[in-house]
Amino acid sequence: LSEHDFGQVALALSLLALISALRNLGLHYALLHQHDRVDELAPTHFSLNTGLGLLGAAAAVTIAWFYTDLAAAMENLSPLVTPEALTDASQKPMVPTALFVLAVFDFFRTTAFTSETQLRRDLEFGWLAASHATATIVAACVAVAIAYAGGEIWALIFGYSIGSVTYVIIYCSLLWRRRFPPLSRLCDFDPAGARSLMAYGLWFWMVGLSHTFLINYDRITCAALLGTGILGFYAQAHIFALIPTGAITHTIANITGAVYARYQHDRLKLSGAYRRTLRFVLRSAVPLSLLLVIEAPRLTRVLLGDEWM
């Protein structure tokens, strides 16, 4: 696998992340907030999420279909975008292919949001953590197997991240095994409940959209100006830099949402839970970050090889 392979998949994931942020209206946070009505509003939540997920997937597939034309248009419109920078992305077909495949499975991922939210409400974090760990391990094994078999960039599409094909299949299957989607109750769609979920989720949508843009705009800019080869180096460095905080906050975020929802009417307990969470993140992430800064060259050689130095 070369830096161009990593860069192309990173670009596809960044484009998909922006599209997902646009269609993600914070509905899972809104449903979790309705702590006592989660099961009642589950069909409404599922219908909204599925519909928005379908729109997002359609938008991503459209961008993938016209990706080459869009890249050429960017080259013509902006003097900063050089043909050399766009060569990696626009002439090789794997960016649109990766975006298409990942978008299809991202749609299936949205259909599991309702089950995931119900499990969080019931504080079944053990099942959620086991599902995430199992999907991550299986995806990594599949990626390694495909890479050794000569599958090249397909190894990244099938097992590179939590948006990869293998991860989505395993994770969603395990969630559905524990809490199946409310398909038999779709006729119980509640228009008033839908308006309530969307109104509450609007604030999370605005924050999430800004956060997603801040995380991904630099990758898209890097690909446009410098090419997917440089993006491959940049994306891998960014992933390593986020390991200390990402590993901790991902676990904490799955728990704190349900805890905050449970304590929403008790400000004293809510404030205490927030302070303890913040202290834990700082005490855990700061030492790990310092260790990563000191040992970055050695870790890069061990995990990626000398060619990534």
Side-chain angles (χ1 to χ4, degrees), residues 15-64 99-125 127-128 131-132 135 162-165 167-212 253-254 257-258 260-262 264:
L15 292 172
L16 182 60
L18 290 174
I19 296 170
S20 298
L22 286 171
R23 59 100 173 124
N24 182 11
L25 300 183
L27 297 178
H28 50 295
Y29 293 108
L31 181 62
L32 194 60
H33 177 70
Q34 300 282 349
H35 187 269
D36 299 326
R37 300 184 61 201
V38 169
D39 293 332
E40 175 188 344
L41 293 174
T44 303
H45 181 269
F46 181 82
S47 299
L48 288 174
N49 251 326
T50 303
L52 291 170
L54 188 60
L55 289 176
V61 169
T62 301
I63 292 176
L99 180 58
F100 177 86
V101 174
L102 294 172
V104 171
F105 282 89
D106 181 68
F107 166 70
F108 287 106
R109 176 71 180 87
T110 63
T111 63
F113 282 164
T114 302
S115 301
E116 186 177 32
T117 304
Q118 289 177 302
L119 291 173
R120 289 185 181 182
R121 189 280 310 269
D122 295 336
L123 303 181
E124 295 196 37
F125 301 116
W127 186 269
L128 290 170
S131 300
H132 171 67
I162 61 174
S164 64
V165 172
Y167 179 92
V168 171
I169 293 175
I170 300 298
Y171 186 71
C172 292
S173 299
L174 291 173
L175 292 189
W176 290 335
R177 180 181 178 185
R178 190 72 167 184
R179 187 63 64 90
F180 198 74
L183 299 178
S184 61
R185 298 170 51 208
L186 294 182
C187 58
D188 296 334
F189 184 86
D190 182 0
R195 290 192 295 270
S196 176
L197 291 175
M198 295 178 70
Y200 184 85
L202 178 64
W203 302 103
F204 291 95
W205 173 75
M206 290 189 293
V207 173
L209 182 61
S210 302
H211 178 70
T212 303
N254 289 332
Y260 295 159
R262 177 162 293 192
Q264 60 183 298

So, taking the atom named OG1 in T110 and the one named CG in L48, what distance separates them when rounded to the nearest 0.5 Å? 11.5 Å
Do the side chains of D106 and R23 get close enough for a salt bridge, i.e. N-O under 4.0 angstrom? yes
Do the non-hydrogen side-chain atoms of S131 and Y171 ever get within less than 4.5 Å of each other? yes
Worked verdict on L27 versus F113 for side chain to side chain contact (heavy atoms under 4.5 Å, CB included): CA-CA 9 Å; L27 297 178; F113 282 164; over 6 Å; no
Taking all heavy atoms of G53 and all of F107, pick out the closest pair and write down the distance. C-CD1, 3.5 Å
Any donor-acceptor N/O pair, T117 side chain to L32 backbone, under 3.5 Å: no
So which atom in W176 and which in S115 form the shortest heavy-atom distance, rounded to 0.1 Å? CD1-OG, 3.7 Å
Say whether, by atom type as modelled, one donor and one acceptor occur between the side chain of T212 and the main chain of L209 under 3.5 angstrom. no
Below 3.5 Å, can you tabulate the donor-acceptor pairs from side chains in residues 198-205 to any protein atom, sequence neighbours excluded?
| from | atom 1 | to | atom 2 | distance (Å) |
| --- | --- | --- | --- | --- |
| Y200 | OH | H33 | ND1 | 3.3 |
| W205 | NE1 | A21 | O | 3.0 |
| W205 | NE1 | L22 | O | 3.1 |

Are any non-hydrogen side-chain atoms of S20 and R109 less than 4.5 angstrom apart? no
Distance from D190 atom CG to R195 atom CZ, nearest 0.5 Å? 8.0 Å
In short, A60 meets A103 closest at the heavy-atom pair CB-CB, 3.4 Å
Could you tell me whether F100 atom CZ has more than 12 heavy atoms of other residues or ligands within 6.0 Å of it? no
Look up atom CZ in R121 and atom CG in D39, then write down how far apart they are to the nearest 0.5 Å. 4.0 Å
Step by step, work out the side chain to side chain contact (heavy atoms under 4.5 Å, CB included) result for Q118 and R178. CA-CA 10 Å; Q118 289 177 302; R178 190 72 167 184; over 6 Å; no
Among residues two or more places apart or on two chains, list those pairs meeting side-chain hydrogen bond (donor to acceptor under 3.5 Å, both in side chains) that have a residue in residues 45-57. H45-N49, H45-T114
Measuring from atom CZ of F105 to atom OG of S164, what distance do you get when rounded to the nearest 0.5 angstrom? 10.0 Å
Applying salt bridge (Lys or Arg N to Asp or Glu O under 4.0 Å) to R185 and not counting sequence neighbours gives D188
Going from CD1 on I19 to CG on L55, what distance comes out if it is rounded to the nearest 0.5 angstrom? 12.0 Å
Separation between CH2 of W127 and CG of L174, rounded to the nearest 0.5 Å: 6.0 Å
